Amino acid sequence: MGKEASINQIDLLFNPGSIALIGASHTEKKLSGAILKNLLRFRGKVYPVNPKYKKIMGLKAYSSLSELPEPVDLTIIIRPAHEILKILKEHERKAKCTIIVSSGFAEIGEYKLQDEIKSIARDTGIRILGPNCMGVYNPYHKLDTFFLSRERLKRLKKGNMAVVSQSGAILSCLFDALGTANIGISKAVNYGNAVDIDESDLYDYFIRDEYSDIVISYIESLSNGRKFVEKAKELSEKKAFLLLKSGKGSSGQAAAYSHTGRLAGRYEVFHSILRQFGIKEAMGFDDLVDTAKAISYQKTSMGNRVLIITNGGGSGVLASDECIRQGLVVAKLPKNKIEKLGKIFPKFYTISNPFDLTAQVKDEDYIASLNELKDDFDGFLIIALTGVLGVTERLGKMMKNLKAGIGKPIVFHIAHGGVSRKLTAILEKAGIPVYPSPERAVKVLKALLT
């Protein structure tokens, strides 16, 4: 099978015209019933397959794949593991791509069964996602193969970020976190044991996907390290790309292996390779979500000179310490600017870097200092502690107007209290990310400065 044909088949995962659900159930109390209910929103044709029923959720049911009135682009299989081989053999000339939701394969030691599935994929040319996975979500196509109800897992709005996760549980957590951050997505996929389609195939697809400008990925293990590096490097050169690798220690590697049945490998080697090829890595779940929010709001930029503007000296020091750890330069202010700013601001302001506006700050002070220093630095961290009277919601509106004129990464640290919630909402609506600690804000600024 040619490469182009393979890519076109993977497109059927996300943009099928017709779907057959093998093992469909009439009740949402079963996973297959929850999947079918979610598929009712799908714009194309849906064929429930279950010999026990004539009709399921208002749709005509079929006893087997061979009885469908036409071949389908995609099947979703949720039947016991020992039935999967027989079901797959019925797919030839009836379907081009399948999602195997069922578990009970390499993750529990059933390697032979999983290998037989792999052989069928190779011999028939059918592309397989899974087994042991949730499948895909495409809000642009109203496609949702997840077995979690919308009441239990809120679906994300349309956006330009693709989410690729080996783990279904982590994908669910990412949906919650990205939704809280008001981030929309283009597509999401959980690929599980990766008997056929793996992270590298998906990276290859998203390189070409016009809806996806950003890709974030959670991985536990790799089956083909060379292929992974090739595709991850190519993706990172063309789009914003960020990944999180778990299984960093020996116990984590063992857990990853038991989860999906794939070797995790030595993390130190993996980390070194990513650095060598300039592939960005998140160091934890919070780091992945924080950075995903930032790169969805703002473009990355060159440089490492950072200006910290604060109204709390201690917070400024913490931010400065983290800048050092991250390899960012908290550069001194130019002498001519110090003199000019000394004439603008009260003498008790600390006109340095960090630039401390003290508890007597006013909204306008942040804007005035940024206007004077915007050409002297590559990125900006603004700390606004909202317990003081001088910080109001107006700061968010003023920053919105100023942002375009600066054209460089800007991030905020705002602690809880005062007008923090309203101010944060205004800033993030304007595309300026806000974080609850100075350290998290600095780490994100590092990710935005390449």
Side-chain angles (χ1 to χ4, degrees), residues 10-11 13-15 129 133-146 148 150 153-191 199-219 231-245 279-301 409-411 427-435 440 443-448 450:
I10 292 178
D11 186 59
L13 273 178
F14 300 101
N15 301 289
L129 187 75
C133 74
M134 288 169 54
V136 301
Y137 172 68
N138 179 354
Y140 290 95
H141 204 54
K142 292 189 180 297
L143 174 63
D144 183 352
T145 77
F146 293 175
L148 299 175
R150 288 171 176 260
L153 181 69
K154 185 178 179 182
R155 300 311 194 255
L156 297 176
K157 64 182 182 180
K158 296 175 183 177
N160 67 342
M161 179 182 294
V163 183
V164 180
S165 178
Q166 191 168 357
S167 162
I170 295 298
L171 183 65
S172 300
C173 294
L174 282 169
F175 263 53
D176 288 336
L178 295 175
T180 300
N182 197 32
I183 296 172
I185 64 169
S186 55
K187 296 173 177 72
V189 54
N190 162 225
Y191 57 93
E199 64 286 320
S200 303
D201 295 315
L202 295 165
Y203 297 165
D204 196 36
Y205 172 80
F206 284 117
I207 288 169
R208 297 162 178 77
D209 182 38
E210 62 181 352
Y211 292 91
S212 304
D213 300 317
I214 303 162
V215 181
I216 65 171
S217 177
Y218 169 80
I219 59 177
K231 293 304 174 184
K233 181 175 180 291
E234 186 178 357
L235 177 58
S236 66
E237 288 170 349
K238 295 185 178 178
K239 299 188 176 182
F241 175 51
L242 179 70
L243 66 85
L244 170 62
K245 170 75 166 65
I279 301 166
K280 289 187 176 179
E281 181 185 11
M283 301 315 295
F285 185 85
D286 287 340
D287 190 22
L288 179 67
V289 174
D290 286 352
T291 307
K293 179 166 74 170
I295 60 179
S296 72
Y297 285 4
Q298 298 185 14
K299 293 181 179 180
T300 57
S301 184
I410 305 171
V411 302
L427 286 166
E428 294 200 331
K429 190 174 182 181
I432 301 172
V434 179
Y435 299 94
R440 285 171 68 175
K443 288 176 183 176
V444 163
L445 194 54
K446 167 68 174 178
L448 288 170
T450 56

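Heavy-atom basis, side chains included; hydrogens, waters and symmetry copies ignored. Treat the numbers as computed from the prediction; the structure is a model and nothing was measured. Quick note: residue numbers are just sequence positions, from 1.
- The CD1 atom of Ile216 sits 14.0 Å away from atom NZ of Lys280, with the distance rounded to the nearest 0.5 Å.
- Residues passing the side chain to side chain donor-acceptor pair (under 3.5 Å) test with Thr145: none are found, sequence neighbours excluded.
- Remark: Lys233 pairs with Glu237 by the side chain to side chain donor-acceptor pair (under 3.5 Å) rule, at least two apart or across chains.
- Tyr218 is not listed as a side-chain neighbour of Val164, based on a closest heavy-atom distance of 4.5 Å or more.
- For Ser200, the side chain to side chain contact (heavy atoms under 4.5 Å, CB included) partners two or more places apart in sequence, or in a different chain, are Asp198, Lys227, Phe228, Lys231.
- Closest heavy-atom contact between Ala294 and Val444: CB-CG1, 3.1 Å.
- The side chain to side chain donor-acceptor pair (under 3.5 Å) check on Tyr297 picks up nothing, with sequence neighbours excluded.
- In this structure a side-chain-to-backbone donor-acceptor pair under 3.5 Å is present from Asn190 to Met134.
- Using a distance-only test at 3.5 Å, with no hydrogens or angles considered, no donor-acceptor pair links the side chain of Asp213 to the main chain of Asn160.
- Considering only residues two or more places apart in sequence or on other chains, Gln298 meets the side chain to side chain donor-acceptor pair (under 3.5 Å) condition with none of them.
- Taking the side chain to side chain contact (heavy atoms under 4.5 Å, CB included) definition, one finds that Ser212 meets it with Ala162, Ser186, Phe206, Asp209, Lys239, sequence neighbours left out.
- Applying the ring pair (Phe, Tyr, Trp, His ring centres under 6.0 Å) test to every pair with at least one member in residues 162-182, sequence neighbours left out, gives these pairs: Tyr137-Phe175, Phe146-Phe175.
- Taking the side chain to side chain contact (heavy atoms under 4.5 Å, CB included) definition, one finds that Ala447 meets it with Thr291, sequence neighbours left out.
- Shortest non-hydrogen contact noted between Ser296 and Met161 is CB-CE, 3.8 Å.
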- [ ] Determine, stepwise, if the pair Val163 / Val189 fulfils side-chain contact (heavy atoms from CB on, under 4.5 Å).
- [x] CA-CA 6 Å; Val163 183; Val189 54; over 6 Å; no

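- Scanning for salt bridge (Lys or Arg N to Asp or Glu O under 4.0 Å) contacts around Asp144 gives Arg150, Arg155, with sequence neighbours left out.
- In this structure, Ile410 and Ile432 approach most closely via the heavy-atom pair O-CG2, 3.7 Å.
- Taking OG from Ser236 and CD1 from Ile279, the interatomic distance works out to 5.0 Å, rounded to the nearest 0.5 Å.
- Both tests do not hold together for Lys187 against Tyr205: distance to the six-membered ring centre under 6.0 Å, angle to the ring axis within 45°.
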Task: side-chain contact (heavy atoms from CB on, under 4.5 Å) assessment of Leu242 paired with Ile214 - done: CA-CA 8 Å; Leu242 179 70; Ile214 303 162; over 6 Å; no

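- Atom CD1 of Ile295 sits about 8.5 Å away from atom OG1 of Thr300, to the nearest 0.5 Å.
- Of the N and O atoms on the side chains of Asn182 and Lys157, at least one donor lies less than 3.5 Å from an acceptor on the other residue.
- Across all their heavy atoms, Ser172 and Leu148 have their closest contact at OG-CD1, 3.5 Å.
- Scored by the side chain to side chain contact (heavy atoms under 4.5 Å, CB included) test, Ala177 finds Phe285, Val289 as partners (sequence neighbours excluded).
- For the atom pair CG (Leu288) and CE (Met283), the distance works out to 12.0 Å, reported to the nearest 0.5 Å.
- Rounded to the nearest 0.5 Å, atoms CD1 (Ile183) and CG (Leu156) are 9.0 Å apart.
- Qualifying salt bridge (Lys or Arg N to Asp or Glu O under 4.0 Å) partners for Lys238, counting only residues two or more places apart in sequence or in other chains: Glu234.
- When the ring pair (Phe, Tyr, Trp, His ring centres under 6.0 Å) test is applied to Tyr140, the partners found at least two apart in sequence or on another chain are Tyr211.
- Between atom CG of residue Leu244 and atom OG of residue Ser217 there is a gap of 8.5 Å, rounded to the nearest 0.5 Å.
- Using a distance-only test at 3.5 Å, with no hydrogens or angles considered, no donor-acceptor pair links the side chain of Ser165 to the main chain of Gly168.
- With Lys293 contributing its side chain and Val434 its backbone, the two residues share a donor-acceptor pair below 3.5 Å.
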- [ ] Might you work through the side-chain contact (heavy atoms from CB on, under 4.5 Å) test for His141 and Phe14, ending with a clear yes or no?
- [x] CA-CA 8 Å; His141 204 54; Phe14 300 101; over 6 Å; no

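- A pairwise comparison of heavy atoms in Glu281 and Asp287 identifies O-OD2, 4.4 Å as the closest pair.
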